[in-house]
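Working notes, structure below.
In what follows, chains are A, B, ... by sequence order, proteins preceding strands, each numbered from 1. Just so it is clear, the model here is predicted, and its values are computed rather than measured. Worth knowing before you read on, the calculation uses all heavy atoms, side chains too, and leaves out hydrogens, waters and symmetry mates.
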Protein chains: 2
Amino acid sequence: MPADTATSAKFTPRQSAVLAEALRLLVEGGDKALTTSGLARAANCSKESLYKWFGDRDGLLAAMISFQQSKVRTADRSGERLSTDALREHLEIFARDLLEVLAGDVSLALNRLAIGQSSRDGSKLGKMLLEHGRREIDRRARALIDTGKRSGLLRFHDADEAYHTFYGLVVSDLHVRMLLGESGLKDNGRQAQKAVEAFLLLHGTNKDTVEAVRASSAR
Amino acid sequence: MPADTATSAKFTPRQSAVLAEALRLLVEGGDKALTTSGLARAANCSKESLYKWFGDRDGLLAAMISFQQSKVRTADRSGERLSTDALREHLEIFARDLLEVLAGDVSLALNRLAIGQSSRDGSKLGKMLLEHGRREIDRRARALIDTGKRSGLLRFHDADEAYHTFYGLVVSDLHVRMLLGESGLKDNGRQAQKAVEAFLLLHGTNKDTVEAVRASSAR
DNA sequence: GAAGAACCGTACCGTACGGTACCTATTCCG
DNA sequence: CGGAATAGGTACCGTACGGTACGGTTCTTC
């Protein structure tokens, strides 16, 4: 993550610094620890400024999500055709990145926050998280899957379905478990590898790959 | 779900009624709506009784989880050998049940509650939910999978891994999306069907089944 | 039928939060 | 240089919650 260049056009540097501090408080203490007074104290700003900038507490939370997402940029360097090995490599990298993102402190804290609020604000934060937060990573995955199909390495009749299958294979119930407080995996790489193997078996076209994977999965 | 017979030995009928009312409040308004005063008013009991029975608010929440789980009983009628079709049938039923449970009002509300608290109570509620809430359904799934293997219909080298694969195929990111406020699927049955197809392709042994499914998945 | 426990309803206390008002200091700009 | 805008510091208000205390009421039990 870049250090300070994350000054999205939406926020002044000062506001960004305050939002970063707000995220820090949220991560270390949960939403209970994120009070307007506490944030003002920790960020050396006044409550009045907070209310001027963000309206109210909900506005602050929304700004935090928006701010955090402005820092997430996914390198999407899979443009043209791919070899079998390259596809597998890209899928594995994607899976590892996905697991890493989901297990991140800030991601978990924001998801917990949105989930906690979802019952009383009409899921406003949840919608933000889903629509803006995952758009980037979804797009990257879809591009990868589409490229795989165009290269004749994958076959499916619904890209969305294929993506959800892949997501499920990679994440399983890990995300919810981590949200509930469990620690993550010891080895994301291995999980990514297995998920990709299974996914290629389900949707790959390369017979050698399929057979090889099949044999190994039955080992 | 049985109406009133759910009087676990741990709670008196009166306490059970109060806990049921607490769950109702939680479902309809989130944790913010579940105040001790509000519960006392809604359940026609006194706050003093609440504190006498459950200790403090956290004790009440824990009791709610325990109470709800005492109502969930999974019929586990898969004892002996299975045919291919019977296995598929059982897997589909399980998958549908799983999706239905996860999408249930009370389940979602309790998971939201536990996730919201996880950052400030050392994940006590989260642990309860994972260890006691899922034990039943996990056991049922594992029994099913083991039976499949003993019947020569499934192959894998790690039952846990196979179960997680199946879980991922069935649920994907649906659970988190619903926790964030999205509505569930229109058709759980179809999702269950597709997940079972994929799972059998990955871990089934029946060649006919495998080929048939393979063909259909590439349709 | 009386003693006693369990329980209800309510009133109360301390606290902590969201939000507002007011005043001061710094910076920006003509 | 001077006035306006911006932002920090602080004190304050209303509210609502968790938790406690107490008097009155119902239910049990002998």
Seminar exercise, completed: Secondary structure of DNA chain C per the Watson-Crick/G-U criterion (both distances under 3.5 Å; [ ] crossing, | other strand, . unpaired) is ||||||||||||||||||||||||||||||
For this session: Would you give the length of the straight line joining atom CD of Glu21(B) to atom CG of Leu19(B), rounded to the nearest 0.5 angstrom?
Result: 10.5 Å
Exercise. For Leu39(A) and dG8(D), what is the distance between atoms CG and C1' respectively, to the nearest whole Å?
Worked result: 14 Å
Exercise. Over how many whole Å does the gap from Leu50(A) atom CG to dG18(C) atom C1' extend?
Worked result: 11 Å
Problem set entry | Atom-pair distance (CD on Gln117(B); C1' on dG18(D)), nearest Å | 13 Å
For this session: Give a yes or no on whether a salt bridge exists between Asp146(B) and Arg142(B), defined as a side-chain N under 4.0 angstrom from a carboxylate O.
Result: no
Exercise. For His203(A) and Phe199(A), what are the C-alpha separation, side-chain angles and deciding distance, and is it a ring-ring contact (aromatic ring centres under 6.0 Å, His included)?
Worked result: CA-CA 6 Å; His203(A) 291 291; Phe199(A) 182 68; 5.4 Å; yes
Exercise. What is the distance from CG of Leu34(B) to C1' of dG18(D), rounded to the nearest Å?
Worked result: 12 Å
Seminar exercise, completed: Rounded to whole Å, the OH-C1' distance (Tyr51(B) to dG19(D)) equals 5 Å
For this session: Any chance you could list the contact pattern along nucleotides 6-12 of chain C? Use B for base contacts, S for sugar-phosphate-only contacts and - for none, protein heavy atoms under 4.0 Å, 5' to 3'.
Result: -SBB---
Exercise. How close or far is atom C1' of dC17(D) from atom CG of Asp56(B), stated in whole angstroms?
Worked result: 14 Å
For this session: Please check if any side-chain donor atom of Ser70(A) sits under 3.5 Å from a side-chain acceptor atom of Lys10(A), or the reverse.
Result: no
For this session: Could you pull out all residues at least two apart from Gln193(B) that satisfy side chain to side chain contact (heavy atoms under 4.5 Å, CB included)?
Result: Glu92(B)
Let me have the donor-acceptor pairs involving side chains of residues 104-116 of chain A, under 3.5 Å, with sequence neighbours excluded, atom names and distances please.
from      : atom 1 : to        : atom 2 : distance (Å)
Ser107(A) : OG     : Val101(A) : O      : 3.4
Ser107(A) : OG     : Asn111(A) : ND2    : 3.4
Asn111(A) : ND2    : Ser107(A) : O      : 2.9
Arg112(A) : NE     : Leu179(A) : O      : 2.9
Arg112(A) : NE     : Ser118(B) : OG     : 2.9
Arg112(A) : NH2    : Met178(A) : O      : 2.9

Problem set entry | Nearest-Å distance for atom pair CZ/C1', residues Arg57(A) and dA16(C) | 13 Å
Per-pair distances, 0.1 Å, donor-acceptor, side chain in residues 26-37 of chain A, under 3.5 Å, sequence neighbours excluded:
from     : atom 1 : to        : atom 2 : distance (Å)
Glu28(A) : OE1    : Arg24(A)  : NH1    : 3.4
Asp31(A) : OD1    : Arg120(B) : NH1    : 3.1
Thr35(A) : OG1    : Gly38(A)  : N      : 2.8

Problem set entry | By side chain to side chain contact (heavy atoms under 4.5 Å, CB included) - contacts of Ala20(A) (at least two apart) | Phe67(A)
